[in-house]
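What follows is one structure encoded as structure tokens, with my remarks underneath.
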There are 2 protein chains.
Amino acid sequence: MNIGQAAEASGVSAKMIRYYESIGLIPKTVRTEAGYRVYSDNDVATLGFIRRARDLGFSVEQIAELVALWRDRDRASTDVKRIALEHVEVLERKARELQEMAATLKHLAKHCHGDTRPECPIIEGLQTGGGTGSIDLHSSSQFGAVGLRSAHRDTAPKRVRS
Amino acid sequence: MNIGQAAEASGVSAKMIRYYESIGLIPKTVRTEAGYRVYSDNDVATLGFIRRARDLGFSVEQIAELVALWRDRDRASTDVKRIALEHVEVLERKARELQEMAATLKHLAKHCHGDTRPECPIIEGLQTGGGTGSIDLHSSSQFGAVGLRSAHRDTAPKRVRS
DNA sequence: CTTGACCTTGCCATCATTGGAAGGATTACA
DNA sequence: TGTAATCCTTCCAATGATGGCAAGGTCAAG
């Protein structure tokens, strides 16, 4: 199986397959005389595993852990559980953060007249950092970028950046 | 005021101030004879505005819009409201996605023995893409990376990538 | 044999941000 | 005044995951 078929079968783009190989997430494949990468059904299964983990928001680093656990069937499922639960915590925390941000913005927008008058608490809130009363626009999160990836791009390659 | 003081006062790093200038988010500043950038209190206020917008998860592109609206007080608040509400939608959608991912993982982890036995539905779920019954691990989101930024890094510069 | 579809590598771009290096400017202190 | 420490400058590189393009090799069908 060539990389194109493997990509289609696994849902991971050929580009990403090469990338995963380059960073060592998957081992180097056998090549034909011409230099074409050859994939087995087993490889496709691994790629599918990776894609599903990716769709669940795992970082490549975590996926590497999970793939290692998956390959080594003798490893305890404790490790897998631990990784998953750690990930759940992060996901929930980030979801909470996003909701708080949305709530803050909604609150500000609610008091924005929306007509042609230039009074708008959104702007004022941003300006003063607390002009709307109890809302703490400074409330800082200690978390970095949310590790969400776009899922299999069956649809469009558009990068919905807000 | 030099860039260092402006950075401290605004909460935006000197590095980022230069970056924002380079991409045109803020105008080029006056320089001293030696080439040092000079900032006024007004500039610091603008930077603070930018930081707070950034903390609310606005992309630089959106911040540019907001800053323009902020500067031009004659503009209708309708625009601000629209931008904010669009942003709210995206945030809520992304929060929902994260929660769904967390729920799926939690469900899988719940049935993971967590002892030394290698049976673990997390692994199996990832492997088969649906081994746990009704859970659709293929459920794809059509959304790209979440545009969350780390907030003012008072604490540590660590990038909590899960 | 040609055409078109596929593969290869390699480089560039994204986005926001950090880091570092090399060198000039200013400030503080002995 | 000399010097060291601290600031500032610009430029370059890296991050993570992905897309895109280009130049060139390969393969299968017509």
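No hydrogens, no waters, no symmetry mates; every other heavy atom, side chains included, goes into these values. Order of the sequence lines sets the chain letters (A, B, ...), proteins ahead of strands, with each chain counted from 1.
- Between the CD atom of B/E8 and the P atom of D/dC8 there is a distance of 10 Å, rounded to whole Å.
- For B/R93 and B/E89, the salt-bridge test fails: no basic side-chain N is under 4.0 Å from an acidic carboxylate O.
- Backbone-only contact: B/R37 has heavy atoms under 4.0 Å from sugar-phosphate atoms and none from a base.
- Within the 4.5 Å cutoff, no side-chain heavy atoms of A/E8 are placed close to those of A/M1.
- The B/S13 side chain lies nearest to C/dT18 when the options are C/dT18, C/dC7, C/dT17.
- One atom, CD1 of A/I17, and another, P of C/dT9, lie 13 Å apart when rounded to the nearest Å.
- A straight line from CD1 of B/I26 to C1' of C/dA16 spans 14 Å, rounded to a whole angstrom.
- Taking hydrophobic clusters as Ile, Leu, Val, Met, Phe, Trp and Tyr residues chained together by side-chain heavy-atom distances below 4.5 Å, B/I3 shares a cluster with B/I23.
- Checking C/dT18, C/dT8, D/dT18 against every side-chain atom of A/Y19, the shortest atom distance belongs to D/dT18.
- Counted within 6.0 Å of CD on A/Q5, heavy atoms from surrounding residues, nucleotides or ligands total more than 12; the atom is thus considered enclosed.
- Summary of the strand contacts: B/G35 and A/I23 both lie near DNA chain D, and taking for each the nucleotide with the nearest heavy atom, the more 5' one is attributed to B/G35.
- There is a side-chain donor-acceptor pair under 3.5 Å between B/S40 and B/D43.
- Counting only heavy atoms from C-beta on, A/K15 has its side chain closest to C/dC11 among C/dC11, D/dT18, D/dT9.
- The closest side-chain heavy-atom distance from A/L25 to A/Y19 is not below 4.5 Å.
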Contact pattern, 5' to 3', of nucleotides 24-29 of chain C - B, S or - by protein heavy atom under 4.0 Å: BBS---
